[in-house]
Amino acid sequence: MIRPVFADHENSVAYQHAKDIFRSSIYYLVDSNPEGSLITYIERLDRGQRLMLLNLQDESLQILLNDLEGNITHYSWIDNDTLVLNEVNSDHQQALTQLSINFIDKQLSNIYQRPLLKNAVVIDTLPYKEDRVLVKQFRESKSYIYNLNLAARNISGQLRNRFKLNRLAPAAEHWLSDTSGALRIGYVAPRHGKQKVWYRPLDNKRWSVIWESDKRSIFRPILFEEEKQQLLVLSNHQRNFIELLRFDIKTQTFVDTVLKIPGYDIESVELNKRRDDILFASYTQDGNHRRHYMNELGDFLSNTLKRDLNTPNIWVVDNSLNDKIIIALKRDGKNPGIFYLFNTRQWQLTELADTQPWLKQFQLGDTQAITSRSSDGLEIESYLTLPSNHQTHKAPLIVMPHGGPISVRSSADYDPHVQYLASLGYAVLRPNFRGSSGYGREFIEAGKQQWGKLIEDDIESAVREVIAQGLVDGDKVCIYGSSYGGYSALMSAIRSPNLFKCAASYVGVTDISLMYNNDVHNSSSILSWRKDYVGDPKTQQQELMRYSPVYQAERLRVPVFLAQGEKDRVVDKEHFYRMRHVLEKYGKTAEYLLLPEEVHGFSLLQSYYEFYSRLDAFFRKHLKLPNASPLLRDNEEQQANMAAK
């Protein structure tokens, strides 16, 4: 039967609390100009946002640009007084705008703004070429690369056919250039098909293939080394984990291992401001994001910041070309971010901006890594976030499987979805089941065609482990997720009604075979990958039905909360309607929410408030919990003082 969610939810405590937790950060995109004299950042307002300029010479703060529609999504410093803004309009069309800043006697005199290109992005700021920038423009399903001179009056004249840098190049998606701005490496991302990498000698217009691999190998070019004629790449070719390797272009062989992290994949690397060397490599260990700095200065600065701020979770996010100014970000599971400015000449550390200062009023949850053994002995790492009052009583548990499920992962980093629940008194468990990224190729391959099978065994092993350790209330457990996580919530409830008291799915897959009819994902490479990793509906139809919630709904014994974005094109709303139909047919206890403007995920803040306040009410009803009451810092301090007395 369909039950009403609850009346007047907009006035509920859970709704108002969601407005605080899911509120966007005030400050983001903090960046320095090349010489380290100016700092820019975006400041969000009640309506729109604005681009701010901090002059470090006189510590003056000025508004560079008011962006009432919130169109600026990124920007790049091209030289000491020129930025290029990336803007997206309401039709999701991208455009580049030049912003030039003029100073007289160190005082800002005027700002010059002009449109550059539509449907374009910056791919290289060319730090050694003044007034120059590499851009990629999209036209008629093709992309073209241009080396623009921003000092020239005429931009359109630079877009003639003979100025296209990739006019005679292969159909690559990504490019690496040398310090002069010449394209030297082109490649296509592997995704669900084969990968190719091309190379062009400086004195030759011809491109040649230097790497070709199947979909199971990763080969991601990072930096072209001109003198050595070598590439730095991230690859797991003939190895389990992704490592940073050096690849010789002439012999087309790997010649050196630059960096490997035992037991973990290297997830990404960041080039320095000069774009001639690697600043750091990133990986995740015990759920925490870590960075291995590749030079003595970066390593020294990182250790200095960790010591001065008494935390390992602070990272260099930007630096001036001369390394005079370092911008660092402190961020962890309880803190979405505080920006700091470090002046290496004066050896001075200053707090720039707290991105979400209003969160200080709440007692947020601490996160710890949990290890369990699945049914076949595979070790599973999960992250358990406990509410601040967990020492006085065992908390009810919400299990939150991630989406994907292949090559996606959870981490112990700040997550508003997790902290919303934790600050309302729930414990939250996020398992990195087989197929999750970061643990090597073999771990990903172990997730192949395990929907509803060993993946759900992994999740249950984590749940039983935290219950066995006495960390949560084992009699009050619900499961919730989105996308694959929503599928997993429904299948887990079907499989284990004695373990879970309720299940909630947002944009979750309910009929596996229905995914193959999705127009968004109907390319041959994606379909081939899906048949390999999920199953083939032509030869495995009965198997896919056996593990699809819509065909197993009669077995449900616990209440279900089903929510869907009506404009979702990844998991079509037909999944929602089919599941609702069978739940009604079998008279199951269920609640429904259709968000008319939402896609695959949340795009509107109002949706967060609506969905999570109703989700909280659903959990409280079926776990038999008292009304919502956020855990506030003052309340916690008062309780501690009373206990001390």
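Just so we're clear, the structure is a prediction, and the values are computed from it rather than from any experiment.
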In Phe362, Phe22, Tyr608, the residue satisfying ring-ring contact (aromatic ring centres under 6.0 Å, His included) with His17 is Phe362

Of Phe561, Phe602, Tyr480, the one forming a ring-ring contact (aromatic ring centres under 6.0 Å, His included) with Tyr506 is Phe602

Classify the ring geometry between Phe443 and Tyr439 as parallel (under 30°), tilted (30 to 60°) or perpendicular (over 60°).
tilted

Please determine whether side-chain contact (heavy atoms from CB on, under 4.5 Å) holds for the pair Ser410 and Met400, giving the CA-CA distance in whole Å, both sets of side-chain angles, and the decisive distance to 0.1 Å.
CA-CA 10 Å; Ser410 293; Met400 189 183 293; over 6 Å; no

For Trp315, does the six-membered ring have the charged nitrogen or CZ of Arg331 within the cation-pi criterion, i.e. under 6.0 angstrom from the centroid and within 45° of the normal?
no

Mark yes or no: Arg546 above the aromatic ring of Tyr551, with NZ or CZ under 6.0 Å from the six-membered ring centre and no more than 45 degrees from the axis.
no

Heavy-atom donor-acceptor pair, [X] side chain to [Y] backbone, under 3.5 Å:
X      : Y      : value
Gln195 : Phe219 : yes
Glu598 : Ser607 : no
Glu610 : Gln606 : no
Ser235 : His237 : yes
Arg434 : Asp458 : no
Ser12  : Tyr15  : yes
Gln16  : Val13  : no
Thr311 : Asn313 : yes
Ser423 : Gln419 : yes
Arg291 : Tyr283 : no

Pairwise distance [atom1]([X]) to [atom2]([Y]) - rounded to 0.5 angstrom:
X      : Y      : atom1 : atom2 : result
Asp286 : Tyr383 : CG    : OH    : 7.5 Å
Leu454 : Asp376 : CG    : CG    : 5.0 Å
Lys448 : Asp532 : NZ    : CG    : 4.0 Å
Arg409 : Glu267 : CZ    : CD    : 6.0 Å
Ser382 : Ile370 : OG    : CD1   : 8.0 Å
Asn498 : Arg495 : CG    : CZ    : 13.0 Å

Identify which one of Arg580, Lys621, Arg614 satisfies the salt bridge (charged side-chain N to carboxylate O under 4.0 Å, His left out) criterion when paired with Glu591.
Lys621

Any side-chain heavy-atom pair of [X] and [Y] under 4.5 Å:
X      : Y      : answer
Ser461 : Arg373 : no
Asp413 : Asp332 : no
Leu397 : Lys476 : no
Phe611 : Leu593 : yes
Asn86  : Gln94  : yes
Leu359 : Pro336 : yes
Met515 : Val534 : yes
Ile459 : Ser488 : yes

Take Leu234 and Leu244, measure what side-chain contact (heavy atoms from CB on, under 4.5 Å) needs, and give me the verdict at the end.
CA-CA 5 Å; Leu234 287 179; Leu244 181 60; 4.0 Å; yes

Closest non-hydrogen atom pair between [X] and [Y], with its separation:
X      : Y      : value
Lys394 : Asp473 : CB-N, 3.8 Å
Tyr547 : Ile512 : O-CD1, 3.5 Å
Ile406 : Gly447 : CD1-O, 3.8 Å

Chi angles and distances behind the side-chain hydrogen bond (donor to acceptor under 3.5 Å, both in side chains) call for Ser492, Glu460:
CA-CA 8 Å; Ser492 295; Glu460 289 185 20; 5.2 Å; no

Checking side-chain hydrogen bond (donor to acceptor under 3.5 Å, both in side chains) for the pair Gln49/Tyr27: CA distance, chi angles, key distance, verdict?
CA-CA 10 Å; Gln49 57 189 17; Tyr27 309 106; over 6 Å; no

So Glu243 and Asn236, side-chain contact (heavy atoms from CB on, under 4.5 Å) or not? Walk me through it.
CA-CA 6 Å; Glu243 302 172 4; Asn236 62 355; over 6 Å; no

Among Ile467, Ile479, Val466, Val472, find the residue that satisfies the side-chain contact (heavy atoms from CB on, under 4.5 Å) test when tested with Leu429.
Val466

Indicate, with yes or no, if the rings of [X] and [Y] have centres closer together than 6.0 Å.
X      : Y      : value
His622 : Phe618 : yes
Tyr484 : Trp451 : yes
Phe433 : His402 : yes
His417 : Tyr612 : yes
His575 : Tyr487 : no

Got a salt bridge between Lys567 and Glu597, using NZ or NE/NH1/NH2 to carboxylate O under 4.0 Å?
yes

Should the heavy atoms of other residues, nucleotides or ligands under 6.0 Å from NZ of Lys334 be counted, would the total exceed 12?
yes

Is the CD atom of Glu566 crowded by more than 12 outside heavy atoms at less than 6.0 Å?
yes

Output, in order, the C-alpha distance, side-chain angles, deciding distance and verdict of side-chain contact (heavy atoms from CB on, under 4.5 Å) for Leu471 and His390.
CA-CA 8 Å; Leu471 297 171; His390 73 277; over 6 Å; no

